[in-house]
Amino acid sequence: MPELPDVATFRLRMARAAVGHAVTAMSLDRPEQLRGATPRAFADRVRGHACTRTHRHGKYLFAAIGRGWVELHFGMDGALEMLGPPGAPPRGTVARFRFAEGDTLAFTHPRRLGHIAWIADPDTRVAETGLGPNALGLDRTTFTDRLADRRAGIKASRMDQANIAGVGNIYSDEILFHAGLHPKRTADTLDPDETQCLFAALQEALQGAVRARADPRNMPPDFLLPHRTAGEHCPSCGGALQHGTVAGRSAWWCPPCQPRGRG
DNA sequence: CTCCATGTTTAGAA
DNA sequence: CTTCTAAACATGGA
């Protein structure tokens, strides 16, 4: 799940539970997943300190706690879940945070491909990681400049976190579907209308998914994501969807709605 | 058992 | 230099 819309949803959850409240309890259920501090130092820096704000860049979530920040990256299947009354932690729990108003958040992460880290400053981390600007909130000029003259496929380009941050495999398919562009097209074959269309599609797909709280069941009926599985049909033309490997990843598209064109 | 999976990094080849 | 591919990471589900 965790691409920009998912992480934006996790951020809302974090903001509601944590901002303005002190951490009254914290447990590191899988300390080997922690970076940037020893478990003991991490506990000292977090416990009893207030969360003052949250931040997201691309697929990274940050929470300001005390004098530093907690960074979360969700890998393939990480999540941030609100827990009910105390009980057994969910499967794959890496860490739990309880806040003064009584909410408890669990960072879960069964496949361990992401991480939790103690960091000094999100902007520095974003720079170190080499992330491009946030995919949501880009102005058209920045988008166009960053896309220009690329010979790489547009699916690969949109997923390149150094180019723009936040779009992964699922939403790159969604964006190209809305733009009516075949995933193997390259940026240098796009005419100005197609580039504009791709920009509009990116906004539409990401904003729509954020409004749906990244839940496919809440997404508009013309979204590809709920149909991105074997046996499903194009929500626009009703035809059979095609599945293949593009940019080394599993790709779904509708051949009539997303023609190859010149690319 | 095999194959596949929403992410990232790295090595090596065009 | 850009781009692509495969592999690796760790784990779970079909």
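Naming convention: chains lettered A, B, ... in sequence-line order (proteins, then strands); numbering from 1 in each chain.
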Point to revise | C:dG13 OP1/OP2 closer than 4.0 Å to side-chain N/O of A:Arg111 | key: no
Review point. Across the strands shown, which category fits A:His243 at heavy-atom distances under 4.0 angstrom: base, sugar-phosphate, nothing?
Key: sugar-phosphate
Check your understanding: Could you give the CZ-to-P distance, from A:Arg125 to B:dT8, as a whole number of Å?
Key -> 12 Å
Check your understanding: Nearest to the side chain of A:Ala152 - B:dT6, C:dC4, C:dA10?
Key -> C:dC4
Exercise for review: Give A:Arg91 one of three labels, base, sugar-phosphate or nothing, depending on what nucleic acid heavy atoms sit under 4.0 Å from its own.
Suggested key: sugar-phosphate
Check your understanding: OP1 or OP2 of B:dT8 less than 4.0 angstrom from a side-chain nitrogen or oxygen of A:Lys59, does that happen here?
Key -> yes
**Study point:** Selected nucleotide, minimal atom distance to A:Pro110 side chain, candidates C:dC4, B:dT6, C:dG12
**Key:** C:dG12
**Study point:** Hydrophobic cluster membership, A:Trp69 vs A:Trp118, 4.5 Å side-chain cutoff
**Key:** no
Check your understanding: What integer distance in Å separates A:Arg35:CZ from B:dT9:C1'?
Key -> 11 Å
Review point. Counting only Watson-Crick or G-U wobble pairs whose two distances fall under 3.5 Å, which nucleotide matches C:dT2?
Key: B:dA14
Check your understanding: Should the pair A:Asp103-A:Arg16 be classified as a salt bridge under the 4.0 Å nitrogen-to-oxygen rule?
Key -> no
Point to revise | Presence of A:His73 side-chain N/O under 4.0 Å of B:dT8 phosphate oxygens OP1/OP2 | key: yes
Practice item. Please check if any side-chain donor atom of A:Asp6 sits under 3.5 Å from a side-chain acceptor atom of A:Thr9, or the reverse. Key: no
Practice item. Searching all strands shown, indicate the nucleotide that pairs with C:dA10 (Watson-Crick or G-U wobble; both distances under 3.5 Å). Key: none
Exercise for review: Provide, to the nearest angstrom, the distance between the CE atom belonging to A:Met76 and the P atom belonging to C:dG13.
Suggested key: 14 Å
Practice item. Give the rounded distance in Å between these two atoms: CG of A:Asp160 and C1' of B:dG7. Key: 13 Å
**Study point:** Spacing of A:Glu32 atom CD relative to C:dC9 atom P, expressed in whole Å
**Key:** 16 Å
Practice item. Any chance you could lay out the side-chain contact (heavy atoms from CB on, under 4.5 Å) test for A:Leu190 and A:Leu181, step after step, and finish with the verdict? Key: CA-CA 9 Å; A:Leu190 300 180; A:Leu181 294 169; 4.1 Å; yes
Exercise for review: For nucleotides C:dT3 and B:dT6, find the distance between their C1' atoms and express it as a whole number of Å.
Suggested key: 23 Å
Check your understanding: Which nucleotide sits closest to the side chain of A:Arg228: B:dT8, C:dA10, B:dT6?
Key -> B:dT6
Exercise for review: Would you kindly give the CZ-to-C1' distance between A:Arg146 and C:dT2, to the nearest whole Å?
Suggested key: 16 Å
**Study point:** Shortest non-hydrogen contact from A:Phe223 toward A:Pro235
**Key:** O-CG, 3.6 Å
Exercise for review: From the options B:dG7, B:dA5, B:dT8, select the nucleotide whose nearest atom is closest to the side chain of A:Asn169.
Suggested key: B:dG7
Revision key, fill the gap. Taken to the nearest whole Å, CG/A:Leu113 to P/B:dT8 is 10 Å
Review point. Does the side chain of A:Asn134 pick up a donor-acceptor pair with the side chain of A:Arg56 at under 3.5 Å?
Key: yes
Practice item. Look at A:Ser250 and B:dT6 and indicate whether a side-chain polar atom (N or O) is within less than 4.0 Å of OP1 or OP2. Key: yes
Check your understanding: Looking for any heavy atom pair under 4.0 Å, which part of the strands does A:Arg150 touch: base, sugar-phosphate only, or nothing?
Key -> sugar-phosphate
Review point. Using atom P of each nucleotide, how far apart are C:dC1 and B:dT8 to the nearest Å?
Key: 24 Å
Check your understanding: What's the NE2-P distance between A:His115 and C:dA10, to the nearest Å?
Key -> 16 Å
Check your understanding: If you check every side-chain atom of A:Thr129, which of C:dC4, B:dT6, B:dT9 has the closest atom?
Key -> B:dT9
Exercise for review: Consider the side chain of A:Glu3, meaning its heavy atoms from C-beta on, and name the nucleotide among B:dG7, C:dT3, B:dT8 that approaches it most closely.
Suggested key: B:dG7
**Study point:** Validation row: A:Val23, A:Phe99 side chains within 4.5 angstrom (heavy atoms)
**Key:** yes
Review point. Looking across every strand, which nucleic acid part, if any, lies under 4.0 Å from A:Gly153 by heavy atom: base, sugar-phosphate, or nothing?
Key: sugar-phosphate
Check your understanding: Closest to the A:Arg151 side chain: C:dT3, B:dA5, B:dT8?
Key -> C:dT3
